[in-house]
Amino acid sequence: MTLALYNTLTRRVEPFAPLASPRVTLYTCGPTVWNHAHIGNFRTFLFEDLLRRHLAYSGYDVFHIMNLTDVDDRTIKAAAAAGKRLDEHTAPFVQAFFEDRDYLRITPAHVYPRATESVPAMVRLVERLLERGVAYKGDDGSMYFAIAKFPTYGRLSRLDTRELKLGARVASDEYTKDDPRDFALWKKAEPTDEQVGAAWDAPFGRGRPGWHLECSAMSLEQIGKCCRTETLDIHAGGVDLIFPHHEDEIAQSEAATGKPFARFWLHGEFLNVRGTKMSKRFGNFLTARDLRDQGVDAAAVRLLFWQTHYRKGLDFSDEALAAAGAGVKRLGEFYERVKRETGNGKREGRLADLAAKFETEFRSALDDDLNAPRACAALFELVHEGNAALDAGASGAAAALGVLDRAMAVLDVLPTTKTVDTELARWIAGRIAARDKARRSKDFKEADRIRAELTAKGVEIEDTPSGTTWRLV
RNA sequence: GGCGCCGUAGCCAAGUGGUAAGGCAGAGGUCUGCAAAACCUCUAUUCGUCGGUUCGAUUCCGACCGGCGCCUCCA
């Protein structure tokens, strides 16, 4: 069984193999740092995290690039509205993005190129396109890409067979572009751009990069640096980027290099709220820090997302999140139980067999276009059967722990361990001792009173044959 | 108008041309002083509707109903 991924380019699930195995070059469209990213944005970043981790689990050496769009229409507009310079406005949001990423346990990319720091590469790309005769200057002084010169334009989004909705892109730029579908590579500097410091000199005029140009230039620059290639193995993003963003990236990059830009295009579906996509525009969004401040365990968010396939819409609700939280708790209980058992018994045994069966299914599920819901089902089956086996005194826990650890390196959905200061730990130990004493003397009223006291402090206790255990909830 | 996606139990959600994974919630039971955790049993004769193909369809085809996305620098 080998990894197969759905490629938007072919609209099929295809066997995946990198160009220069074991190295995999992965470029994922990062956030636009005009504001806080919401958890809909993070659904895509989490899907990419799953991809990244499964590639690593599969033995590949992934080089992951995620750009930061720190200059575009929205960042400029937001900076101007705040009366700040562009970098002044975006810096806190970059910082916040990294904090949110860490909260959600997303593996950091190897590089985070910023648009504002990659302008020379963008200028060079435009010059290359000018040399190739596919770029031109419009009447308004901006540089445009001539899609008429790029015959395969529309291959990704199947645009070749579709018509543009009248008025959508046509009207406003009718007199500046040769073809209404041509898109801006470089936008002539406007007063607002100068005001916030978002304008650069270029041989073809002072201005700023178009959004699509940014991603092409940054990805080509980074894979050139790290891997001396001009073709990405995988390029990923949200479905809304298929057109025009990724279509335009392909046009620019391939027109300039003459080589395929990316071999696999992966797109994650939206996070919805009552059926409609989560969006800043609709005001129906929630940020990662909102969840963090509510005390939501990131593991619950991850499990919630894993339980729906990445190419399917997922409706976000507090109920769904709570259900995932309960699942995370169950996983945590099982993991701790297996860990406790590793001291006893042999490496072989029923538990080891179950774990081996699980790992086969786990791998095959993720190999099948990252079918995380199936992988989770296998995981919970292991929990169920493993618990039953442990109840029956099975051995093999050490082997099972190894398998679990490998699976968790991909899914990472174990409950966040809460840190306890020694003073609190001492107090809890004292209370439990007092309760045990009461229980031994059959003073259950007092025992229950102490338990209530602990519960009030968020301490959950459990009486087992080998004594009372506790955890913070 | 063009391109595309989705509709499976109370909720969430996999899946396959041969008779429905998993999670949450719920009911009963075992264990427990009581709990908790865990286990056992139960909870869709049925996969939006109607047709068609087939020995057989939830799965393929068509129509319809319902929900949604992109075509406006949205993950």
Side-chain angles (χ1 to χ4, degrees), chain A residues 11 28-32 37-48 69 72-74 154 157-169 171-172 181 183-184 187 210-214 236-245 248 267-272 274-282 303-304 306-309 311-315 317 319-331 333-334 336-337 361 365 371-381 383-384 386-388 390-392 439 442-445 447-448 451 455 460-465 468-469:
Chain A
R11 312 275 156 135
T28 58
C29 284
T32 300
H38 57 67
I39 55 172
N41 300 317
F42 276 107
R43 182 182 183 202
T44 297
F45 302 145
L46 277 160
F47 135 62
E48 291 157 354
T69 300
D72 80 318
D73 286 2
R74 287 183 299 168
S157 57
R158 309 269 153 124
L159 188 81
D160 44 323
T161 54
R162 62 160 107 166
E163 296 167 13
L164 278 171
K165 184 181 174 183
L166 200 68
R169 301 180 100 207
S172 59
R181 291 179 300 173
F183 57 91
K187 300 185 171 188
W211 179 40
H212 315 312
L213 183 74
E214 295 182 6
V239 280
D240 49 343
L241 299 187
I242 295 173
F243 186 86
H245 189 54
D248 293 350
H267 293 97
E269 256 297 341
F270 289 132
L271 183 67
N272 299 322
R274 283 188 285 277
T276 301
K277 75 172 193 172
M278 181 176 285
S279 166
K280 282 266 163 57
R281 219 183 335 150
F282 302 145
L303 183 62
L304 174 66
W306 298 163
Q307 284 182 314
T308 299
H309 188 90
R311 283 195 288 116
K312 233 176 132 181
L314 161 57
D315 222 77
S317 67
E319 297 72 47
L321 185 60
V328 164
K329 186 166 185 258
R330 181 166 158 81
L331 288 173
E333 305 272 11
F334 180 66
E336 290 305 321
R337 186 177 184 189
E361 169 59 14
N371 195 329
R374 233 178 83 200
C376 289
L379 180 60
F380 280 104
E381 231 168 279
V383 171
H384 181 247
N387 269 319
L390 283 170
D391 282 355
R439 288 176 73 217
K442 300 268 189 267
D443 184 357
F444 298 121
K445 206 173 163 190
D448 290 349
R451 180 166 60 195
T455 305
E460 191 174 81
I461 59 170
E462 191 176 326
D463 297 323
T464 74
T468 302
T469 65

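When reading the values below, keep in mind they use all heavy atoms of this one structure, side chains included, and skip hydrogens, waters and symmetry mates. Order of the sequence lines fixes the chain letters, A, B, ..., with proteins taken first and strands second; residue numbering starts at 1 for each chain.
Distances shorter than 4.0 Å separate none of the side-chain N or O atoms of A:Lys280 from OP1 or OP2 on B:A75. The side chain of A:Asn387 contributes an N or O atom lying less than 4.0 Å from OP1 or OP2 of B:C39. Checking the phosphate oxygens (OP1, OP2) of B:A75, a side-chain nitrogen or oxygen of A:Arg74 falls inside 4.0 Å. Contact annotation: A:Lys445 does not reach the phosphate of B:G33 (side-chain N/O to OP1 or OP2, under 4.0 Å). For A:Asn272, no side-chain nitrogen or oxygen approaches OP1 or OP2 of B:C68 to under 4.0 Å. Dashed line: the shortest gap from a side-chain N or O of A:Thr469 to OP1 or OP2 of B:A37 is not under 4.0 Å.
B:A75 atom P lies 18 Å from atom CG of A:Leu314, rounded to whole Å. In this structure, A:Glu269 places its CD atom 18 Å from P of B:G67, rounding to the nearest Å. For A:His309 and B:G15, the NE2 to C1' distance is 12 Å, given to the nearest whole Å. Whole-Å rounding puts the A:Glu462 CD to B:A35 P distance at 15 Å. Residue A:Asp463 contributes atom CG, which lies 12 Å from atom P of B:U32 at whole-angstrom precision. Regarding A:Ile242, its CD1 atom lies at a distance of 10 Å from the P atom of B:C5, rounded to whole Å. Summarising the geometry, the separation between NE2 on A:His212 and P on B:C71 is reported as 11 Å, rounded to the nearest angstrom. A straight line from CZ of A:Arg311 to P of B:G4 spans 15 Å, rounded to a whole angstrom.
Counting non-hydrogen atoms under 4.0 angstrom, A:Thr28 reaches nothing in the nucleic acid. A:Gly268 comes within 4.0 angstrom of nothing in the nucleic acid, heavy atoms only. Among the heavy atoms of the strands, none lies under 4.0 Å from A:Thr69. Backbone-only contact: A:Asp391 has heavy atoms under 4.0 Å from sugar-phosphate atoms and none from a base. Within the 4.0 angstrom heavy-atom criterion, only backbone atoms of the sugar-phosphate kind lie near A:Thr308; the bases stay farther away.
Distance noted for atom P between B:G15 and B:U53: 29 Å (whole Å). Atom P of B:U45 sits at a distance of 26 Å from the matching atom of B:C39, rounded to the whole Å. If you take atom P in B:U49 and the same atom in B:C55, they sit 25 Å apart, rounded to whole Å. On the C1' atoms, B:C74 is 34 Å away from B:A63, given to the nearest whole Å. Comparing the P positions of B:G66 and B:G28 gives a spacing of 42 Å, expressed to the nearest Å. With P as the reference atom, B:U30 and B:C60 are 47 Å apart, rounded to whole Å. Remark: the separation of the P atoms in B:G69 and B:G62 is 25 Å, to the nearest Å. Straight-line distance between the C1' atoms of B:U58 and B:A9: roughly 14 Å, to the nearest whole Å.
Side-chain atoms of A:Asp240 and A:Phe270, non-hydrogen and from C-beta on, do get closer than 4.5 Å to each other. For the pair A:Pro31/A:Phe45, a side-chain contact is recorded, criterion being any heavy-atom separation below 4.5 Å from C-beta on. Residues A:Glu361 and A:Arg374 form a side-chain contact, since some pair of their non-hydrogen atoms from C-beta on lies under 4.5 Å apart. When side chains are defined from C-beta on, A:Arg74 does not count as touching A:Lys280, because their heavy atoms never get closer than 4.5 Å. Side-chain contact between A:Glu336 and A:Phe334 is absent, with no heavy atoms from C-beta onward closer than 4.5 Å. Residues A:Arg11 and A:Arg158 have side chains in contact (heavy-atom distance under 4.5 Å, counting atoms from C-beta outward).
As the counterpart of B:A21, no nucleotide is assigned, since no Watson-Crick or G-U wobble pattern has both distances under 3.5 Å. Across all strands shown, B:G1 forms a Watson-Crick or G-U wobble pair with B:C71, both key distances being under 3.5 Å. Here B:G7 sits opposite B:C65 as a Watson-Crick or G-U wobble pair (both hydrogen-bonding atom distances under 3.5 Å). Of the nucleotides present, none pairs with B:U58 by Watson-Crick or G-U wobble criteria with both distances under 3.5 Å. The partner of B:G26 is B:C42, by the rule that a Watson-Crick or G-U pair needs both atom distances under 3.5 Å.
One finds no salt bridge joining A:Glu269 and A:Arg43 here, because no Lys/Arg side-chain nitrogen approaches an Asp/Glu carboxylate oxygen to under 4.0 Å.
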Might you list the N or O atoms of the protein lying below 3.5 Å from N or O atoms in nucleotides 58-60 of chain B, with each pair's distance?
none

All N/O contacts under 3.5 Å from nucleotides 21-31 of chain B to the protein, with atom names and distances to one decimal?
residue	atom	partner	partner atom	Å
B:A21	O2'	A:Glu381	OE1	3.4

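Distance from the side chain of A:Lys329 is smallest to B:A37 among B:G33, B:A37, B:C71. When each of B:U8, B:G33, B:A75 is scored by its nearest atom to the side-chain atoms of A:Lys312, the top-ranked nucleotide is B:U8. In this structure, the nucleotide among B:A36, B:A75, B:G69 sitting nearest to the side chain of A:His38 is B:A75.
Pairing each heavy atom of A:Leu304 with each of A:Leu314, the nearest pair is O-CD2, 4.0 Å. Between A:Phe380 and A:Gln307, the shortest heavy-atom contact is CE1-NE2, 4.0 Å. Contact between A:Gly268 and A:Phe47 at its shortest, heavy atoms only, is N-CE2, 3.5 Å. The shortest non-hydrogen separation linking A:Leu46 to A:Trp306 is O-CH2, 3.2 Å.
Comparing A:Arg11 and A:Ala320 along RNA chain B, the residue whose closest nucleotide (by nearest heavy atom) sits nearer the 5' end is A:Arg11. Of the two residues near RNA chain B, A:Phe444 and A:Asp240, the one whose nearest nucleotide lies more 5' is A:Phe444.
If you check distances only, the side chain of A:Asn371 never reaches the base of B:G15 with a donor-acceptor pair under 3.5 Å.
Under the side-chain contact (heavy atoms from CB on, under 4.5 Å) criterion, A:Arg274 pairs with no residue at all, not counting sequence neighbours.
Classification of the A:His245-A:His212 ring pair by plane angle, with boundaries at 30° and 60°, yields tilted.
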